[in-house]
Amino acid sequence: PEQLNRTLGARNSHEKRSVDYLYKGFAGPRQRKSGEESFNNFSPKAVLSYELNDDANLYVSVSRGFKSGGFNFLAFQDGFAPEKIWNYEGGYKATFLDGRARFNASVFYSDFTDLQVGQIVNLQSVLTNAASAELYGLEADFAFLPTDDFEIGGTLGYLHAEFTEFCTADPTQPAARPQAGCTAANPINLKGFTLPRAPRWTVSGYAAYSFMLPGESSLTLRGDVRYQSKTFFTQFNRPTISQDGYAVADARLTWTSANEAFSVGVWVKNIFDKEYFTELLESGAFNPTLVEQGYVAPPRTYGVTGTVRF
């Protein structure tokens, strides 16, 4: 049928990487690391979409992704393998009410092999490959204009992301006995643990209202709010290296000239001065006792921004 569209594609890549460098940590002598690796990958993609009408369509897709392997200059270690993923997605896209409303939704499943995972070991930022991991979830967004001057919108995301197979060493457990399916070198089994930086829920929303002023210039008031649930920052899912769920609100008031060549905006970010971490890591300086380090998000900030368009 004419409403059915098909897309096929593929990418074949060959990469060759070599390294020869001297590594010097905080303690110990300089060490030389040299090597060469080659990576080959074939990544196909297929998409089917069906037009329900002029304003709505359904689609499904399957694709294979590839993230190259290589060498890590932040540690004295052997090379790491490429990361591969099969991704499956299906969704719905539509506009309504003569273009005044838009709604998109999708579900997805992703299967990783040799997932690249970072870890701090003895003050070295080591990059290793987990055996496998899976992600699945949904995403949705909408926008609606009840009037020409008023707009609301939002997004919703749900993500289940966990290791399905991953044995590794934990610096806090140097004498750990091998767990089921693991070895003495990598005794800790992280199967079922949540992937780093993968909050289960993310939600955002906004509202904007525009006022017409004398001379056909305009004034727009906009507010945004976003929320994300608890986030772990390491593969070990330590409570001390995590951030509980939080919400942040921003606001902006913008004047725009009639010809849209000039605009001036007054804004405030993090209105309620929420304290939260954008990044946390653990230093291995005192193994097996780790030192938590992190980056705190900016506090409440405000300012004025001017724009000139030519």
Side-chain angles (χ1 to χ4, degrees), residues 5-23 25 31-49 59-91 106-122 124-137 139 159-170 178 181-198 233-236 281:
N5 298 301
R6 310 165 185 86
T7 303
L8 294 174
R11 178 179 181 178
N12 187 69
S13 58
H14 171 78
E15 298 184 10
K16 184 177 181 180
R17 300 195 175 192
S18 60
V19 66
D20 186 7
Y21 69 97
L22 293 174
Y23 180 83
Q31 303 176 78
R32 191 181 195 95
K33 172 63 70 174
S34 60
E36 183 176 285
E37 297 283 354
S38 295
F39 308 106
N40 299 291
N41 178 258
F42 178 74
S43 297
K45 179 178 182 179
V47 182
L48 286 177
S49 63
Y59 71 90
V60 293
S61 70
V62 57
S63 61
R64 188 172 191 250
F66 166 79
K67 184 178 180 180
S68 181
F71 298 93
N72 176 23
F73 292 92
L74 299 179
F76 187 77
Q77 64 167 104
D78 293 332
F80 54 90
E83 175 182 297
K84 301 181 180 69
I85 177 177
W86 278 103
N87 189 64
Y88 309 87
E89 183 176 345
S106 64
V107 294
F108 60 88
Y109 175 82
S110 301
D111 184 16
F112 283 90
T113 55
D114 290 329
L115 180 69
Q116 295 169 4
V117 181
Q119 179 180 347
I120 302 297
V121 179
N122 294 325
Q124 297 184 94
S125 181
V126 177
L127 190 59
T128 58
N129 293 93
S132 59
E134 69 173 9
L135 288 74
Y136 60 82
E139 295 177 341
L159 176 63
H160 177 94
E162 67 176 30
F163 296 107
T164 53
E165 185 181 351
F166 185 21
C167 289
T168 187
D170 184 349
C182 298
T183 65
N186 294 294
I188 307 300
N189 193 338
L190 298 185
K191 179 180 180 180
F193 280 52
T194 299
L195 268 64
R197 301 168 189 83
F233 290 94
T234 78
Q235 60 268 40
F236 300 104
L281 55 87

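Note that the numbering runs from 1 along the sequence shown for the chain.
One distance of note links CG of Leu190 with SG of Cys182; it measures 8.0 Å at 0.5 Å rounding. Atom CD of Glu165 and atom CG of Asn189 lie 8.0 Å apart (nearest 0.5 Å). Between the OG atom of Ser34 and the CZ atom of Phe71 there is a distance of 8.5 Å, given to the nearest 0.5 Å. Distance check: Phe112 CZ to Asn87 CG gives 8.0 Å after rounding to the nearest 0.5 Å. Here the CZ atom belonging to Arg197 is positioned 8.5 Å from the OG1 atom belonging to Thr234, to the nearest 0.5 angstrom. Of the inter-residue distances, the one linking Phe108 atom CZ with Tyr136 atom OH reads 10.5 Å to the nearest 0.5 angstrom.
More than 12 non-hydrogen atoms from other residues, nucleotides or ligands lie less than 6.0 angstrom from CZ of Arg17. Heavy atoms of other residues, nucleotides or ligands lying less than 6.0 angstrom from NZ of Lys45 number 12 at most.
For the pair Pro187 and Ala169, the tightest heavy-atom approach, listed with the atom from each and the gap, is CD-CA, 4.0 Å. When every heavy atom of Pro44 is checked against every heavy atom of Trp86, the shortest pair comes out as CG-CH2, 3.9 Å. Nearest heavy atom pair, residue Ile188 against residue Asp170, reads CG1-CB, 3.8 Å. Shortest non-hydrogen contact noted between Phe166 and Asn129 is CE1-O, 4.2 Å. Minimum heavy-atom separation, Ser68 to Gln116: O-NE2, 3.0 Å. For the residue pair Phe66 and Pro82, the shortest heavy atom distance occurs at CE1-CB, 3.3 Å.
Screening Ser110, Ser63, Ser106 for a side-chain contact (heavy atoms from CB on, under 4.5 Å) with Glu89, the sole residue that qualifies is Ser106.
Contact check for Asn41 versus Glu15: no side-chain heavy atoms found under the 4.5 Å cut-off. Residues Phe163 and Lys191 form no side-chain contact, since every pair of their non-hydrogen atoms from C-beta on lies 4.5 Å or further apart. Between Leu195 and Leu115, the closest side-chain pair of non-hydrogen atoms falls below 4.5 Å. Looking at Phe193 and Glu162, their side chains never come closer than 4.5 Å, going by heavy atoms from C-beta outward.
A salt bridge links Arg32 to Asp20: at least one charged side-chain nitrogen sits closer than 4.0 Å to a carboxylate oxygen.
No donor-acceptor distance shorter than 3.5 angstrom exists from the side chain of Arg64 to the backbone of Lys84, with no hydrogens or angles considered.
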